[in-house]
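Start at 1 and go down the list; that is how both ligands and their atoms are numbered. All of these numbers come straight from a predicted model, not from anything done at the bench.
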Amino acid sequence: MAPEFNVLVFLSYFLLLLSVVANDCMPTSCRDDGPIIRFPFRHKYRQPQHCGYDPGFDLYCNQRNETVIVLPVSVEFIVKEIDYVSQRVVLFDRRGCFHENLQFLNASASTFQFLTEIYYPYYLLDLNIFNCSTPNENLRFYSVQCLSKSSYGIYVIPSGSMIVSLELVSCTKLYKVCSAPRISDGQTYLYLRWFEPACERCESQGKRCSLKHDARDHQLLCDNEPMKSKGVLRRLLVAGEVLGSLLCVAVLVLLYRLYVSIREDKENKLKVEMFLKDYRALKPTRFTFADLRRMTNEFSERLGEGGYGIVYKGKLSGEIYVAVKVLNNSLGIGEEFINEVGTIGRIHHVNVVRLVGYCADGLSRALVYEFLPNDSLEKLILVEGADGSSFSVEKMHDIALGIARGIEYLHEGCDQQILHFDIKPNNILLDRNFNPKICDFGLAKLCSKEQSAVSMTAARGTMGYIAPEVVSRTFGRVSYKSDVYSFGMLLLEMVGGRKNMDHSATTSQVYFPQWIYNRLIRGEDMPEHMEVEGDECKIARQLTVVGLWCIQWCPADRPSMKTVVQMLEGDGGCLAVPPSPFPATSAPNSLVRTHGRHHHTDLDIIPEV
Ligand SMILES: *[C@@H]1O[C@H](CO)[C@@H](O)[C@H](O)[C@H]1NC(C)=O
Ligand SMILES: *[C@@H]1O[C@H](CO)[C@@H](O)[C@H](O)[C@H]1NC(C)=O
Ligand SMILES: *[C@@H]1O[C@H](CO)[C@@H](O)[C@H](O)[C@H]1NC(C)=O
């Protein structure tokens with residue numbers, strides 16, 4: 001706005017100056033001792049039209065600085081005096097010969113009345129001008145000395161005067177002037193009087209006459225103020241007008257700019273919207289807490305609740321639904337939050353849940369994910385157990401393969417290796433097509449790919465899925481193989497189903513992985529109650545074998561996720577049964593015993609050895 005404003009200020013000063021210089025009816029004169037020119041007269045070239053009453057009052061200065069008036073039609077006389085009170089003008093002809101110009105004068109067309117030397121009005125007469133070759137004593141009274149020469153005489157004779165025609169025998173008539181004042185020979189001054197405008201009373205009170213501003217019918221004002229302050233007044237008036245119009249212009253400019261800025265705002269908003277759309281595809285967007293409230297409709301619909309916070313359903317825009325995980329503030333610095341945003345904010349895989357955005361607004365921390373309508377794998381397993389509905393083995397296989405690919409991508413597909421450390425059914429979400437997506441990267445860790453082991457100050461993970469080396473370093477070094485272990489446990493749980501562990505008489509007291517391993521090495525088929533046969537049975541066996549490979553006690557014995565994916569993609573028939581995944585000493589140790597019951601319990605922190 002600043003440059004426009006400066007221009008406006010400059011313009012207003014400029015116009016003010018102009019108005020002071022040009023729009024002024026300050027009295028003026030052609031020379032110091034010359035008559036003062038003011039209303040009803042005006043200086044034709046110095047003052048604007050409204051300063052004078054009528055074109056007949058126009059004056060100007062000649063090269064000798066004399067004040068010149070033009071009488072109709074084209075007679076120029078010099079103004080000697082102007083009496084504004086008695087409204088009289090005294091004129092003279094510089095060559096002292098009024099008669100010279102007589103033929104160009106139409107006194108009846110003039111604004112002025114011609115007066116005699118004693119201020120009586122002249123009766124205008126028609127005059128005949130004669131050229132007489134011989135001097136005529138009888139016509140002496142009509143003679144005009146300034147035009148006559150020795151050889152001839154010029155006489156001005158009013159028409160109808162009683163002149164004997166004989167006396168004009170030697171004369172020729174030059175021309176006739178209609179309605180002219182009878183000017184005596186040798187007269188020095190011409191006296192004129194004006195009646196309109198009638199300012200005598202006003203002027204006699206020492207006031208100043210002027211035309212009413214903007215009045216078309218020549219209405220008069222009589223101001224108390226002396227001329228000088230009247231000029232100031234007018235100047236102020238003009239200045240006011242100028243400033244007023246400038247203000248109008250300024251307001252218009254402002255309004256226009258406002259309009260433009262609103263339009264730009266709109267365009268910008270659209271641009272931002274577009275940008276965000278593109279941006280969202282690559283990086284998570286930052287939301288304010290108010291955004292979250294709006295998105296979740298004041299946190300009205302709860303999707304679930306976890307150790308780290310409550311998950312609400314929200315609507316991003318149009319048909320895009322999101323899951324908003326509001327983290328507990330009590331968690332302090334929110335390492336988990338940083339982990340999640342930093343980790344999955346940058347990765348995109350069909351089997352990894354997408355982080356749409358996040359919120360770090362004051363103390364509020366929230367993560368916004370794509371919304372997956374089919375809930376978690378855990379619920380699916382539970383529901384299957386509850387209502388007995390068949391959960392097709394092919395489907396199970398697809399889900400397992402999807403999860404394996406997701407984990408493989410985390411391990412191999414990014415710049416840095418991402419170790420999830422919390423693979424469990426609860427953290428596998430299913431979309432509309434039961435396509436699994438890994439979520440909850442709260443415990444994830446970024447490692448360089450070359451790193452063979454990860455240092456940890458605390459145990460991470462969930463009992464039942466946690467690799468033994470994560471619980472205690474005595475079992476090996478923590479690495480990506482720890483995720484493989486968790487995946488193996490998950491796979492076995494999918495095959496076995498929770499019901500096998502919780503309700504079945506055969507396995508209620510037995511650790512399921514061990515139970516199924518025992519069956520496999522005995523060459524027995526998959527348990528009948530799993531309701532699988534033929535190809536399905538083959539697939540179930542494949543899943544089980546892969547799962548058992550993954551949960552090998554020693555990390556080095558476990559395959560990498562890449563191998564796991566290959567094993568799952570393959571036929572499955574040629575998969576060798578792995579060695580016993582359990583520590584040689586025995587059977588279910590304290591760790592595996594807790595499986596199931598302490599499913600959701602996070603481990604206590606165990607200091608690193
Ligand atoms: C007329 O007046 C101007 C100043 O107003 C002066 O410079 C000039 O010499 C004058 N001319 C005559 C002929 O007096
Ligand atoms: C003189 O002026 C009057 C009024 O304007 C006009 O009627 C008349 O014709 C003029 N006479 C001459 C000779 O121009
Ligand atoms: C008057 O008449 C004489 C001759 O009679 C002539 O020479 C002179 O020029 C005339 N004057 C005018 C002003 O016409």
Side-chain angles (χ1 to χ4, degrees), residues 21 24 26-38 41-47 53-80 92-114 121-140 142-160 163 165-183 185-186 190 192-196:
V21 168
D24 196 29
M26 284 291 279
T28 182
S29 61
C30 293
R31 59 207 291 174
D32 289 346
D33 56 347
I36 288 178
I37 303 169
R38 59 176 175 87
F41 293 93
R42 71 154 180 143
H43 191 295
K44 201 170 160 180
Y45 303 121
R46 289 185 197 164
Q47 296 172 329
Y53 182 76
D54 185 295
F57 290 95
D58 287 354
L59 305 176
Y60 69 91
C61 303
N62 64 13
Q63 286 173 334
R64 296 160 182 256
N65 292 348
E66 292 162 328
T67 314
V68 178
I69 189 168
V70 181
L71 295 180
V73 180
S74 59
V75 190
E76 294 187 355
F77 292 127
I78 291 163
V79 180
K80 181 177 179 282
F92 69 94
D93 182 65
R94 196 149 36 73
R95 288 198 277 177
C97 188
F98 290 115
H99 288 96
E100 197 177 26
N101 292 313
L102 211 56
Q103 56 178 318
F104 306 112
L105 181 69
N106 184 348
S108 61
S110 175
T111 324
F112 301 92
Q113 189 186 39
F114 288 79
Y122 273 118
Y123 295 106
L124 296 180
L125 306 165
D126 292 344
L127 302 175
N128 295 303
I129 287 84
F130 288 93
N131 179 1
C132 302
S133 51
T134 53
N136 192 328
E137 269 306 303
N138 295 331
L139 296 176
R140 195 183 65 244
Y142 302 108
S143 162
V144 176
Q145 286 301 318
C146 64
L147 294 177
S148 301
K149 297 267 153 55
S150 54
S151 56
Y152 61 92
I154 300 292
Y155 301 88
V156 175
I157 302 166
S159 59
I163 305 274
S165 53
L166 266 177
E167 290 170 18
L168 293 166
V169 160
S170 59
C171 302
T172 52
K173 188 177 167 182
L174 289 176
Y175 51 89
K176 184 182 176 181
V177 179
C178 297
S179 318
R182 176 73 179 87
I183 302 167
D185 186 31
L190 204 56
L192 304 178
R193 180 193 155 86
W194 75 90
F195 295 95
E196 285 288 331

Protein non-hydrogen atom below 4.0 angstrom of [atom] present:
atom                    : result
atom 5 (O) of ligand 2  : yes
atom 2 (O) of ligand 2  : yes
atom 9 (O) of ligand 1  : no
atom 12 (C) of ligand 1 : yes

Return the CG to CZ distance between D58 and R42, rounded to the nearest 0.5 Å. 4.0 Å

Separation between CD1 (I183) and OH (Y122), nearest 0.5 Å, reads 6.5 Å

Determine whether any heavy atom of Q63 lies closer than 4.0 Å to an atom of ligand 1.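 True for this residue.
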
Subset of ligand 1 atoms that lie under 4.0 Å from at least one heavy atom of R64: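 Those of ligand 1 that fall under 4.0 Å from R64 are 13 (C).
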
For atom 14 (O) of ligand 3, grab the closest protein heavy atom and report residue, atom and distance to one decimal in Å. N131 ND2, 3.5 Å

Evaluate side chain to side chain contact (heavy atoms under 4.5 Å, CB included) for V73 paired with F104, printing each intermediate quantity in order. CA-CA 6 Å; V73 180; F104 306 112; 5.9 Å; no

Exceeds 12 heavy-atom contacts within 6.0 angstrom, atom CD1 of I36: no

Decide if the gap between the ring center of Y142 and the ring center of F130 is smaller than 6.0 angstrom. no

Answer yes if the ring centres of F57 and F41 are under 6.0 angstrom apart, and no otherwise.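 Yes.
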
For ligand 3, which atoms, with element, lie under 4.0 Å from some heavy atom of L174?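 Listed by number with element, the hits are 14 (O).
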
S108 heavy atoms, cut-off 4.0 Å: which ligand 2 atoms fall inside? 1 (C), 2 (O), 3 (C)

NZ/NE/NH1/NH2 to OD/OE distance under 4.0 Å, D93 and R95: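 Looking at D93 and R95, the cut-off is not met.
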
